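Only a predicted model underlies this, so the values are computations on that prediction, with no experimental measurement involved. Residue numbers count from 1 along this sequence.
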Amino acid sequence: MRDLILHQFQVGYAHLKDEIAASLGKISFTTDIWSSLNRTPYLALTGHWLAMPTEEENQIARKENRNVNVPYLKSALLAFHPVFGSHTGKNLAELVLQLVKRAGISDDKIGHFTTDSAANNLTMMEEMEKTLLDPERSPHLNFNHKHNRVPCFAHIVNICAQHTITSIEETQFDEIEKKLDIEDVDIINESVEYDDYAVAVSSGILARARALVTAIRASGQRKDAFRETIIDGNARGLFVESFYDDDGELKTRDTHVKVNELLKDVKTRWDSTYLMVQRLIELRGGIDYFLALPANKDLAMHRFSDTDWLALSDVCNILAVPSSVQQVMSHERTPVLSGAIMAIEMLMTQWERYAETDERAPILRFYIDVGMTWAKTYYTRMDDCPAYVIAMFLNPSCRISWIQQNWDPKFLAIAEATIKDKMAEYEPVGAPPPPPAPVVAQAGPSRDRRNRGSRNPATARPGAGPRGGQLRSLIDSMHGLNLISKPTESDDGPTIEQEYQSYITSRLSEQSTDIFLFWKNNESTHKRLYKMAMDYLPIQATSVPSERIFSSSGETDTKKRNRLTPAVMEALQVLKFMYKSETLNFTGGWASTEKSILNETREISTRDQLADVVAASSPESAERAMDIILAMDEDEVVQGEELEAIN
């Protein structure tokens, strides 16, 4: 079986290298690190690029009445490689460049890297820049450690949410009360008794919610009893909910409680606290009735008052904002980087509106401000990566219109200069150099680009929380804009300015437009922008592709398989990624001997063994390389001379 795995890896990886070599633009990457059961760290490196369909794929498209010869996004797991030594930025940079080279990717094909915000990732990019820009290696390469790194958007939103949660859990109410005045207290008293609400908020509302969930989920019998209570209550019409009628009077009405289980949050799962709170509120009627039953008098301490539920609902509304934004952006199969700036602006705008309009805003504003501080910090850091603006510009449903409508004019000028400078890098070979770009005054200390006086109505509705698909609707109002008159093209072909103006003054494409088909159809009219699109559209907004590899790795790395060598483990993960759309099952029937999970003393070669398989010059040398790996997997002794004699 191991022999078959390694043989398939060699064949599959050779095919993968051919596909990468035929890419239409640069290769973008995501990377992250995962630890196995025996604590071996593995670096996952995924690649993303645009490719033309094969003739076989075109035939399938014809049968399905789809367009043919349309570029499409391809993704692959390039490596799942053990990390030996310390995880310094220098070591990681050396390993990543080694793996990029193993995949047959030349320096000029290296695009952007999407990573989380760990310090060693920042250092890794700096070290990669030093190596790639070495005059003896790539004297003319355009690579910048800030410009070519894309911070993982999902991590950014998660950081904002987690700091907000921490402030809710740990902030003493007297710290908030010091910032309140009589007018603030009067505002709160209009909807709820201030003293009662203050007690509810300061009682550790999230800790109490977590304890309630734990208590009901404490045993299978109690979980079943809770479920039966909801079913019985629905049948007997026992559940009611409170609401305000059109005259502002508080009334009650019958309601139906969904038969769902309570959820408990976990730190390693994004959004889990919000989902826990949301589910509690959804099942409130069943919970109140269940805790009031005489048989559950031992759970009476966990009961929530009406004010407690109101406070929990307010917390839920606060956390709903980053949750909604994160759900929209956390899909790696589409080029979502173009929506990153709009999404984080939506997050900040919705939080601001909630803090300005909610009846308990004087208190809730304190928690929201904590999340806003982190959101603004990462928002300003987006200036370090021009890819955000360029990707949004290359989306034909957006182009420059979002920036024109929502940004301060000085930031619009900076964005336009950034785009045109990038277009200049895609000048045809032999073309005269473009005129120097106008000097644009840099923005002042405040780097909040949003124009507060002309905010898009889609993001400015008081009290409006984000809904599913709202990100797609943010630019709906821009369709049909024709803001600038079109320039006249010269006889020598369009200049950068002419191509730029021609693109931004055309009508915006519909939201349903196939972005790749658009650029295929406009290749001849927007030559520079087409080339830019091939480089920038594959850039991933999140490192979700790498992290999803880890979920699959956990299925392979079990106690019964903890003797897998790193080479076999990597080969399995790469093959599983290649075949994930098929029914082939690599984990079923695995006959490994069960070993102790604490097998940490085994010596593992630091040599990139699979590189020998990939680089084999003949079938015989490839077979020899695989034999050596298999021998090492069986704990046989392999001499260094044998490793060097492969080729």
Enquirer: Please round to the nearest 0.5 Å and tell me the distance separating atom CG of D134 and atom CG of L141.
Expert: 11.5 Å
Enquirer: Mind checking whether L16 and Y13 have side chains closer than 4.5 Å, heavy atoms only?
Expert: yes
Enquirer: I'd like to know if the side chain of Q498 and the backbone of T495 have a donor-acceptor N/O pair within less than 3.5 Å.
Expert: yes
Enquirer: How far apart are the closest heavy atoms of M532 and I390, and which atoms are they?
Expert: CE-CG2, 3.7 Å
Enquirer: Are L529 and W519 side-chain neighbours, meaning at least one heavy-atom pair lies under 4.5 Å?
Expert: yes
Enquirer: With a 4.5 Å limit on heavy-atom distance, are the side chains of F518 and D514 in contact?
Expert: no
Enquirer: Please confirm whether the backbone N or O of G25 pairs with a side-chain atom of S23, one donor and one acceptor, at under 3.5 Å?
Expert: yes
Enquirer: Do S502 and T525 have side-chain heavy atoms sitting under 4.5 Å apart?
Expert: no
Enquirer: Distance-only, no hydrogens or angles: does the T131 side chain make a donor-acceptor pair with backbone N or O of E127 under 3.5 Å?
Expert: yes
Enquirer: Would you call the rings of F113 and F29 parallel, tilted or perpendicular, where under 30° means parallel and over 60° means perpendicular?
Expert: parallel
Enquirer: Output, in order, the C-alpha distance, side-chain angles, deciding distance and verdict of side chain to side chain contact (heavy atoms under 4.5 Å, CB included) for L43 and T31.
Expert: CA-CA 7 Å; L43 182 141; T31 184; 3.5 Å; yes
Enquirer: Check whether the side chains of D116 and N121 place a donor and an acceptor atom closer than 3.5 Å, and report yes or no.
Expert: yes
Enquirer: After noting the C-alpha distance and the side-chain angles of I110 and L97, does the key distance pass the side chain to side chain contact (heavy atoms under 4.5 Å, CB included) rule?
Expert: CA-CA 10 Å; I110 296 176; L97 290 178; 4.2 Å; yes
Enquirer: Side-chain donor-acceptor pair under 3.5 Å between E57 and Y72, yes or no?
Expert: yes
Enquirer: Any side-chain heavy atom of F153 sitting closer than 4.5 Å to one from M382?
Expert: yes
Enquirer: Ignoring hydrogens and geometry beyond distance, is a side-chain donor-acceptor pair present between Q501 and E497 at under 3.5 Å?
Expert: yes
Enquirer: To the closest 0.5 Å, what do you measure between CD (E416) and CD1 (I400)?
Expert: 5.5 Å
Enquirer: Could E129 and R149 be called an ion pair, given the rule that one side-chain N must be under 4.0 Å from one carboxylate O?
Expert: no
Enquirer: Taking the side chain as C-beta and beyond, is there a heavy-atom pair between P538 and L73 under 4.5 Å?
Expert: yes
Enquirer: At their closest point, which heavy atom of A51 faces which heavy atom of L24, and how far apart are they?
Expert: C-CD1, 4.1 Å
Enquirer: Would you check if Y378 and R381 make a side-chain contact, meaning some heavy-atom pair closer than 4.5 Å?
Expert: yes
Enquirer: I'd like to know whether E55 forms a salt bridge (Lys or Arg N to Asp or Glu O under 4.0 Å) with R62, so could you lay out the CA-CA distance, the side-chain angles of the two residues, the decisive distance to 0.1 Å, and finally the verdict.
Expert: CA-CA 10 Å; E55 182 54 36; R62 291 188 186 98; 3.2 Å; yes
Enquirer: Can you name the nearest heavy-atom pair linking S509 to S397, along with the distance?
Expert: O-OG, 3.4 Å
Enquirer: So, for K146 and N144, which heavy atoms are closest and what is the spacing to 0.1 Å?
Expert: N-OD1, 2.8 Å
Enquirer: Tell me whether K101 contacts the main-chain N or O of V96 through its side chain, where contact means a donor paired with an acceptor under 3.5 Å.
Expert: no
Enquirer: Measure the spacing between CG of D535 and CG of L50 and express it to the nearest 0.5 Å.
Expert: 9.0 Å
Enquirer: Distance check, rounded to the nearest 0.5 Å: F143 atom CZ versus H112 atom NE2?
Expert: 8.5 Å
Enquirer: Side chains of N522 and Y503: is there a donor and an acceptor less than 3.5 Å apart?
Expert: no
Enquirer: Side chain to side chain contact (heavy atoms under 4.5 Å, CB included), that's the test. Do C152 and Q540 meet it? Break it down for me.
Expert: CA-CA 8 Å; C152 173; Q540 299 294 294; over 6 Å; no
Enquirer: Are H147 and D384 side-chain neighbours, meaning at least one heavy-atom pair lies under 4.5 Å?
Expert: no
Enquirer: With a 4.0 Å cut-off on N to O distance, would you call R102 and E570 a salt bridge?
Expert: yes
Enquirer: Can you see which heavy atom on V157 is nearest to which on P322, and at what distance?
Expert: CG1-O, 3.3 Å
Enquirer: Using every non-hydrogen atom in the two residues, find where A103 and I20 come nearest and quote the distance to one decimal.
Expert: O-CD1, 4.0 Å
Enquirer: Starting at OG of S338, measure out to CZ of R399 and round the result to the nearest 0.5 Å.
Expert: 13.0 Å
Enquirer: Do any N or O atoms from the side chain of N148 and from the backbone of G111 form a donor-acceptor pair under 3.5 angstrom?
Expert: yes
Enquirer: Using the side chain to side chain contact (heavy atoms under 4.5 Å, CB included) rule, take M534 and W49 through it: C-alpha gap first, then chi angles, then the decisive distance, then the call.
Expert: CA-CA 8 Å; M534 297 303 101; W49 66 94; over 6 Å; no
Enquirer: Quiz question: by atom type and distance under 3.5 Å, do the side chains of T123 and K90 form a donor-acceptor pair?
Expert: no
Enquirer: Could you state the interatomic distance from CG (N120) to CD (E126), rounded to the nearest 0.5 Å?
Expert: 11.5 Å
Enquirer: For K527, is the NZ atom crowded, meaning more than 12 foreign heavy atoms sit under 6.0 Å from it?
Expert: no
Enquirer: When F393 is tested against each of Y388, Y536, W402, Y500 for ring pair (Phe, Tyr, Trp, His ring centres under 6.0 Å), which residue passes?
Expert: Y500
Enquirer: I'd like to know if the side chain of H48 pairs up with that of T46 as donor and acceptor (distance under 3.5 Å, no hydrogens or angles considered).
Expert: yes
